[in-house]
Novice: 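Next up is a structure, given as structure tokens.
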Amino acid sequence: AAPNRPARGGFEKPILHGLCFFGIATHGVVREMCENDPSRVLSVEGRFASPVLPGDPLRVEMWKEGGRVLFQVVNERTNKVSLANGAVALRGPSQSSL
């Protein structure tokens, strides 16, 4: 990457691409709440709320509400929510993904 790229985005250092930690969070939800079965996922949504630097420790907080898993990603270095309003819509374990 070009050394001046982070500055053009208003950052001092390179940041971790949002889709990277979005994927990490979704993987955690699938592992912990979907019995590690990705076919149970109908859709995933969330809002990027604050930047993450490569190497920052992240914590995914999640809870079930109806047929969805709600989640957020907290950057443990800054104690800020980096991904807010996360929601994974689930299909039941007996429903086909076809």
Novice: Between F22 and V44, is a side chain to side chain contact (heavy atoms under 4.5 Å, CB included) present by the stated rule, with each step listed?
Specialist: CA-CA 9 Å; F22 189 84; V44 184; 3.4 Å; yes

Novice: Would you say W63 and I24 are hydrophobically clustered, going by side-chain heavy atoms of ILVMFWY under 4.5 Å?
Specialist: no

Novice: Tell me whether F48 shares a hydrophobic cluster with L70, the cluster being built from Ile, Leu, Val, Met, Phe, Trp, Tyr side chains joined at under 4.5 Å.
Specialist: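 No, F48 and L70 fall in different hydrophobic clusters.
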
Novice: Stepwise, does the side chain to side chain contact (heavy atoms under 4.5 Å, CB included) test hold for Q72 with V74?
Specialist: CA-CA 6 Å; Q72 65 181 12; V74 177; 4.0 Å; yes

Novice: Is it the case that the side chain of R40 and the backbone of L90 share a donor-acceptor pair, with hydrogens and angles ignored and the cut-off at 3.5 Å?
Specialist: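 Judged by distance alone, no pair lies under 3.5 Å.
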
Novice: Please tell me whether V81 and L53 are part of a single hydrophobic cluster in this structure, the criterion being side-chain heavy atoms less than 4.5 Å apart.
Specialist: no

Novice: For the residue pair A25 and V60, what are the closest heavy atoms and their distance?
Specialist: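 Shortest heavy-atom contact: CA-CG2, 3.9 Å.
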
Novice: With the 4.5 Å side-chain cut-off for hydrophobic clustering, are F71 and L16 part of the same group?
Specialist: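 Looking at the clustering, L16 is in the same group as F71.
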
Novice: Are the side chain of S82 and the backbone of V52 linked by a donor-acceptor contact shorter than 3.5 Å?
Specialist: no

Novice: For the backbone of C34 and the side chain of D37, can you confirm whether one donor and one acceptor N or O come within less than 3.5 Å of each other?
Specialist: no

Novice: Looking at every non-hydrogen atom in both residues, tell me the closest pair between M33 and V69 and how far apart they are.
Specialist: CB-CG2, 3.8 Å

Novice: Taking all atoms of both residues into account, what is the closest heavy-atom pair of R68 and A89, and its distance?
Specialist: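 Distance-wise, the nearest heavy atoms are CG-CA, 4.2 Å.
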
Novice: Under the 3.5 angstrom rule, does the side chain of R47 hit a backbone N or O of L83 as a donor-acceptor pair?
Specialist: no

Novice: Of the non-hydrogen atoms in R77 and D56, which two are nearest, and what is the gap between them?
Specialist: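 R77 and D56 have their closest heavy atoms at NE-OD1, 2.7 Å.
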
